[in-house]
> 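Quick one: the structure is below, questions incoming.
Computed from a prediction, not measured in an experiment: that's the story for all the values here.
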Amino acid sequence: MADTYRATGALRQGVEIYFELAHSHSGTTQAAAAVMRLLDVARGYEDAGELRQARGIYEHLLQT
């Protein structure tokens, strides 16, 4: 579902689901995949010059 949100441009909803998955199922391959997708989204924000959004994702990942 998060991948669908991301693919359709609904990044906020996708990011929320990725974070929920990463937190709820930490240590699983699914959580690791969610973290990788979050990093991809953050890089996309960086590339688009949206540094505040990228930083928010990075900071949230560091807190987990």
Side-chain angles (χ1 to χ4, degrees):
M1 181 184 258
D3 289 338
T4 301
Y5 281 130
R6 183 176 168 209
T8 61
L11 290 178
R12 183 176 179 164
Q13 291 87 346
V15 166
E16 290 176 13
I17 293 171
Y18 289 137
F19 273 122
E20 178 63 32
L21 180 59
H23 290 286
S24 299
H25 302 284
S26 63
T28 66
T29 57
Q30 293 84 359
V35 168
M36 295 305 296
R37 286 184 175 85
L38 285 164
L39 290 171
D40 287 341
V41 170
R43 283 186 212 108
Y45 279 137
E46 278 187 79
D47 292 343
E50 298 180 33
L51 302 180
R52 184 170 158 236
Q53 288 85 346
R55 184 178 178 181
I57 291 172
Y58 291 137
E59 286 178 348
H60 195 200
L61 284 170
L62 288 171
Q63 294 173 359
T64 56

> Output the distance between atom CD (E46) and atom CG (L39), rounded to the nearest 0.5 Å.
10.0 Å

> Which residues satisfy the side-chain hydrogen bond (donor to acceptor under 3.5 Å, both in side chains) test with S24, sequence neighbours excluded?
E20

> Taking a hydrophobic cluster as the set of Ile, Leu, Val, Met, Phe, Trp and Tyr residues connected by side-chain heavy atoms closer than 4.5 Å, whether directly or through intermediates, do L21 and Y58 fall within one such cluster?
no

> Without placing hydrogens or testing angles, list every side-chain donor-acceptor pair under 3.5 Å for residues 48-57, not counting sequence neighbours.
unit_1, atom_1, unit_2, atom_2, d
R55, NE, E59, OE2, 2.7
R55, NH2, E59, OE2, 3.2

> Could you measure the distance from the CD atom of Q63 to the CZ atom of F19? Nearest 0.5 Å is fine.
9.0 Å

> Taking only Lys NZ, Arg NE, NH1 and NH2, and the carboxylate oxygens of Asp or Glu, determine whether D40 and R43 approach each other closer than 4.0 Å.
yes

> Going by the rule side-chain contact (heavy atoms from CB on, under 4.5 Å), which residues pair with E16 if we only count those two or more places apart in sequence or in a different chain?
R12

> Hey, what do you get for CG (L38) to CD1 (I17), rounding to the nearest 0.5 Å?
11.0 Å

